[in-house]
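This report refers to the structure that appears directly beneath it.
Within every chain, numbering begins at 1; the chains are lettered A, B, ... in the order of the sequence lines, protein sequences first and strands thereafter.
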Amino acid sequence: GTSDSAGSGDSSGESDQFRIGLEAGYAPFNWTQMDDANAGVKIDGNAEFAGGYDVEIAKKIAEGLGKELVIVKTEWDGLVPSLNSDKIDAIVAGMSPTAERKESIDFSDNYYKSDLVMVVKKGGDFENATSIQDFNGAKVTAQLNTFHYSVIEQIDGVSQQPAMDSFPAMRVALESGIIDGYVSERPEGVSASAANENFTMVEFTKGFETSEDDTAIAVGLKKDSDLTEKINEILAGISEEERIEIMDAAIENQPAAE
Amino acid sequence: MEAVIDIQGLSKSFGSHEVLKDINFSVDKGEVVTIIGSSGSGKSTLLRCVNLLEKPSGGKIIFNGENILDNKHDVHQYRRNLGMVFQQFNLFNNHNVLGNCVVGQMKVLKRSKEEAEKIALKYLKVVGMDSFVNAKPRQLSGGQKQRVAIARALSMEPDVMLFDEPTSALDPEMVGEVLRVMKELAGTGLTMMIVTHEMEFAKEVSDRVVFMDKGVIAEEGPPERIFNEPTQERTKEFLKRTLKQ
Amino acid sequence: MEAVIDIQGLSKSFGSHEVLKDINFSVDKGEVVTIIGSSGSGKSTLLRCVNLLEKPSGGKIIFNGENILDNKHDVHQYRRNLGMVFQQFNLFNNHNVLGNCVVGQMKVLKRSKEEAEKIALKYLKVVGMDSFVNAKPRQLSGGQKQRVAIARALSMEPDVMLFDEPTSALDPEMVGEVLRVMKELAGTGLTMMIVTHEMEFAKEVSDRVVFMDKGVIAEEGPPERIFNEPTQERTKEFLKRTLKQ
Amino acid sequence: MTLEWIFRIVEQYWPMFLRGAGVTLLIALIGTVLGGLIGLLAGIVRTIPTPERGLKKIGLKLINIVLSIYIEFFRGTPMIVQAMVIFYGAALAFGYHMNPIIAGVVIVSINTGAYMAEIVRGGIISVDKGQYEASQAIGMNHIQTMMNVVLPQVIRNILPATGNQFIINIKDTAVLSVISISELFFVTKTIAGNNYRYFEAFFVVCILYFIMTYTITLILRYVERRLDGPDNYVIAANPMDTAEDIKRKTQGM
Amino acid sequence: MTLEWIFRIVEQYWPMFLRGAGVTLLIALIGTVLGGLIGLLAGIVRTIPTPERGLKKIGLKLINIVLSIYIEFFRGTPMIVQAMVIFYGAALAFGYHMNPIIAGVVIVSINTGAYMAEIVRGGIISVDKGQYEASQAIGMNHIQTMMNVVLPQVIRNILPATGNQFIINIKDTAVLSVISISELFFVTKTIAGNNYRYFEAFFVVCILYFIMTYTITLILRYVERRLDGPDNYVIAANPMDTAEDIKRKTQGM
Ligand SMILES: Nc1ncnc2c1ncn2[C@@H]1O[C@H](COP(=O)(O)OP(=O)(O)OP(=O)(O)O)[C@@H](O)[C@H]1O
Ligand SMILES: Nc1ncnc2c1ncn2[C@@H]1O[C@H](COP(=O)(O)OP(=O)(O)OP(=O)(O)O)[C@@H](O)[C@H]1O
Ligand SMILES: [Mg+2]
Ligand SMILES: [Mg+2]
């Protein structure tokens, strides 16, 4: 390990560590693996390693900052408090820079942008949909407190189901036929349909109208952090092709793809 | 006369500790049998075996001609014929004095509330506790508890009463009163088995005295004979110490 | 002789129910006082007030010249001087017979385990319970429990013993034995207050008899006088019923 | 966290908060009551004296095994999993779509029942054996004994632990959002998500939880005092009647 | 859900599962023990007889009020909120960074203590008042009485409810993932998230939970039997000695 435990280190700006928080359970952005295959990074205070798109980006940032990358595995709801209480220096966890989040933390420039898709049952009525309007009459939901849920109303005549707490719950609901589909982002959709033979992902030619803030993801930083500028510089140095390459590698390397 | 309860070869062990050994005796209808003997000799255990609160290890208990230790026998049905006054009283803590005397009548004998209360009050009056109907057991003195326990058992109007030291917490005056009530009851044909330490009481009330010693019946007979001409060495010794006190 | 305990104007009410009214009496060192009276007259409550298990509603209890109802007084310190045998025994359910007699000695008197056990065994022998050291209270007969309760109180070797019907569950033979022990103890200067229903016992053991009636001391005096020439109407009536029994 | 935002959130969303609290309270209340009944029932069954006769003995043994499995299974697995298995399982296996609230009540009750069964067991152990024997001695059967004598005393002794269980239920209903129940916690997450005022919204929900649990505590304390009854008792006829007086009066009997 | 996947997950991730289970068990165990001690302590304090003297009386009253606030506050708010307030609050307010595991143990203990305090209260109520009086009568003070006589009986009676609490703790530690503790549930979510095999991962965790809780049940049952002691007792000298014999033997005394 790089330090004896997650909370013991003083993570002020002067240290030679770059501590980032993530769930390590949101493949392909971030996941946990048992060894350092594919250049996985040791999780602080833990025997496992983290990998994924976020981890690769974080490596580049740490390198650019000239600091050692330390990964703190924290539940999603604990990320913002961790950042604000200086337990971590940045959130690199597939987090979108929404206006509301911006009230409590700052964000870097975007380091990924994804499209919305619909995950449905393979062989079901909606497998071959191309427009969101094809989901007229369908029972559709999305994760609570995400813009995924608020865009559902763009589908005319949709039967919008109560929002759900987590992706696992939605996948169970989909599999059991309680819903016909859930709104998701491309990487999750690719992974879900790859992992579960009963699922498939619908990509839209006529899709949802979304705002940049929602579909993009960025590094979360403490308000007025002096890291923001440096990180933006480093991110600017990663080209669009390079990002796609990293994401494709992540999708390929993610545990479910084995 | 016909035996109401006939105990044959009854034994009881707690683990390796044999408390009752080959007990044989019977009680006739309307008879009053007192059981005397030193502390720990098995008197309470015998009463508890008779109404099956302890499962006998062996032997038979014949009640009205049937062996109630037979598996086919309905224990609860059998127990309705027996009333018991415990050495430790065991009043129902969640009921007041009246409730203690009423609940069994209503639930077991299916008497109406009015009838049950009338009967309860009658027996509470007998033991002088009718003015305490509202009191909870924890608010009663020792003697008061014992009297309520007696009233509770009598309210069930059983055929056979098992009394485990029914006068231990009573003042002598009350003992006299209880004695009077018991004699009255015996007159109405109630059968009684009474464990007691009061020899005077035993002498006065009983048709027959059973002397227990170390888990066996050492001697039994009419009170005059047991108290005046005991045949067994152990009985003599017990009574000698007792009477000269 | 000097009074160990001097009770002045003691009263006790439970709610509106006045159980003790203006009780005045004192006990001298080495004296044996028995308290008699009918059930519910307040005898147990009086004993319980003396060792402050019930808080008196009024009056004074002077012990060794100090009013222990004064707020400044250390109740626990005071209680070490008193031993109590309860009417309901109240053996510690989580200790076996030996543990019941040892725990107080070790925790309160800070005696060593060996010493405590030696003393406990001495008194358990006195009451004939030394072979039951391993038994749990629930495995004992009524009389056995009472004897352990006596041994437990004696093991604390107090100055004053409060006995609430110490012989109620004992066979007459055991009563004789306990009587003998008590006399021995009285000989060693132990002061005793004994509530009892056994008039014979009261006659034999006591230096003074207190007759309680409805929460007041109706009469007191040496046993010969109380039993042979009572002056109060109530006493006469109580004794008449008692003795003719 | 600002006071202003708290007021704004409360002002704007109080009907949502109230409805959420209502759903939570409803499920927790019914769940605790039904769970308590299950627990008492389990207590009755588990204390049935082993019968002598072969068939009955085997039957009782079987029931007891089933009961143990029930208790260990429902205590041993997370309620969220139980909820998902029952709710989605029913849909998946039988195409049966339950009403989520009813499913929630069922799940909370069954779950609470498993815990209450153990609490009741502890309560029964602590009731003096003499109480059971005295009831048996006047001819009560097992159920009558338990209903009229033992369980009333058990209930009084386990009230504090039951209060705990109620409070746990109020908080544990939060997992029922997984079966689309809009209980208080989920509602709060929604509100927080709407505004990204997590601190404020959770502050409000904490206060709501606290109000609910504290109210329950107060009610249970009141019930305890009621069950204990007055410390005093009323003497029916004349006060301070002792034996003699009464004897004199009843001499004519 | 396929059996194949279950095996694959277990094969691949068993060290993670085990470590997660270890963390969960550690926190739940220490939390229950410390919480139990807090509960017993609260029981001792809450039963101190009200002293007569002014100052002591006020002091005791104050302590009791603080105790009530503690109990109501920690029962009345969700543990996840407590965890966040304590863990992140300490860092924010004092710049003090706790070790997450220690923070977790502290939070679970304090929380459990509040529940155990109520359970202990129920247990004390159910101990016969005579036990307390007899201890007092031989001169024991309040603490000696509670330690040597009352609480040992309480502990035996509340063991089943304590088992509940332990099991609840095992499951409730799940919320501690919010303060970066990799306990079993978080680990499982991670594994599920990695593979998108939710059913399988949660099936495994259910089994692990069940193994842990059932083991605890078995251990507690064993402890109960040990505490109850043998039904039989050994007579020191000769069996069936009754009073006379012993008297004869001890006549010489
Ligand atoms: N906790 C209590 N609350 C209310 N009344 C009580 C309480 N304890 C005792 N009493 C009442 O006080 C009176 C005196 O009780 P006490 O136990 O002192 O009688 P006693 O003389 O010892 O009688 P006994 O010989 O039957 O033991 C009784 O009428 C009893 O009902
Ligand atoms: N549950 C039990 N387990 C083990 N031994 C027991 C149990 N109950 C009673 N005994 C033992 O059985 C013997 C007889 O007890 P029992 O209660 O019948 O005596 P008893 O004649 O009623 O005495 P007493 O006059 O003192 O009440 C005693 O030695 C007692 O210790
Ligand atoms: Mg007996
Ligand atoms: Mg008394």
Side-chain angles (χ1 to χ4, degrees), chain C residues 48 51-53 55 71-72 74-86 88-100 103-109 122 125-136 139-140 143-144 147 149 152-153 155-156 158 162 170-171 173-174 177, chain E residues 48-57 123 126-157 227-253:
Chain C
R48 290 163 58 80
N51 73 356
L52 300 186
L53 287 177
K55 202 189 126 32
N71 282 336
K72 283 185 300 298
D74 181 345
V75 179
H76 306 295
Q77 188 59 50
Y78 163 66
R79 285 201 188 114
R80 281 180 211 178
N81 304 302
L82 309 179
M84 171 111 182
V85 176
F86 290 84
Q88 326 275 352
F89 320 145
N90 294 343
L91 295 183
F92 302 138
N93 293 324
N94 59 320
H95 289 286
N96 63 16
V97 166
L98 188 61
N100 264 279
V103 62
Q105 295 186 61
M106 285 174 65
K107 302 295 165 182
V108 178
L109 306 179
K122 178 174 128 195
K125 213 168 234 162
V126 167
V127 295
M129 286 300 293
D130 54 331
S131 55
F132 287 87
V133 282
N134 293 313
K136 288 266 178 157
Q139 295 166 327
L140 298 180
Q144 290 168 340
R147 287 184 273 158
R152 176 175 68 181
S155 298
M156 299 296 290
L162 312 175
L170 300 185
D171 57 278
E173 199 180 17
M174 240 312 142
E177 185 63 12
Chain E
I48 296 176
T50 333
E52 300 293 312
R53 272 155 284 185
L55 218 63
K56 274 206 184 166
K57 192 173 176 176
S126 58
V127 171
D128 179 25
K129 227 179 125 215
Q131 300 284 313
Y132 189 90
E133 293 185 345
S135 319
Q136 294 284 304
I138 58 175
M140 286 191 186
N141 59 30
H142 181 72
I143 293 178
Q144 289 169 334
T145 302
M146 295 308 274
M147 298 295 284
N148 294 296
V149 177
V150 178
L151 291 185
Q153 297 182 42
V154 169
I155 289 172
R156 196 269 162 272
N157 293 343
L227 284 184
D228 286 345
D231 247 7
N232 208 354
Y233 59 93
V234 185
I235 293 201
N238 312 9
M240 285 308 289
D241 268 4
T242 45
E244 296 111 272
D245 308 36
I246 294 158
K247 245 173 289 168
R248 243 174 263 125
K249 278 190 243 152
T250 58
Q251 213 65 284
M253 203 202 78

Item to complete: Output, in order, the C-alpha distance, side-chain angles, deciding distance and verdict of side chain to side chain contact (heavy atoms under 4.5 Å, CB included) for E:Val149 and C:Asn94.
Response: CA-CA 7 Å; E:Val149 177; C:Asn94 59 320; 4.2 Å; yes

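Residues that satisfy the salt bridge (charged side-chain N to carboxylate O under 4.0 Å, His left out) test with E:Arg156, not counting sequence neighbours, are E:Glu224, E:Asp228. The salt bridge (charged side-chain N to carboxylate O under 4.0 Å, His left out) search around C:Lys55 returns none, not counting sequence neighbours.
Contacts between C:Phe86 and chain E at a heavy-atom distance below 4.5 Å involve the side chain alone, from C-beta outward. Only the side chain of E:Gln144 comes within contact range of chain C, with at least one heavy atom under 4.5 Å from a heavy atom of that chain. C:Leu109 does not touch chain E: none of its heavy atoms, backbone or side chain, sits under 4.5 Å away. With a 4.5 Å cut-off on non-hydrogen atoms, C:Asn51 touches chain E through its side chain but not through its backbone.
More than 12 non-hydrogen atoms from other residues, nucleotides or ligands lie less than 6.0 angstrom from CG of E:Leu227.
Residues C:Leu140 and C:Met129 form a side-chain contact, since some pair of their non-hydrogen atoms from C-beta on lies under 4.5 Å apart.
Put simply, of C:Met84, C:Met156, C:Arg80, C:Lys107, the one with the most heavy-atom pairs under 4.5 Å next to chain E is C:Lys107.
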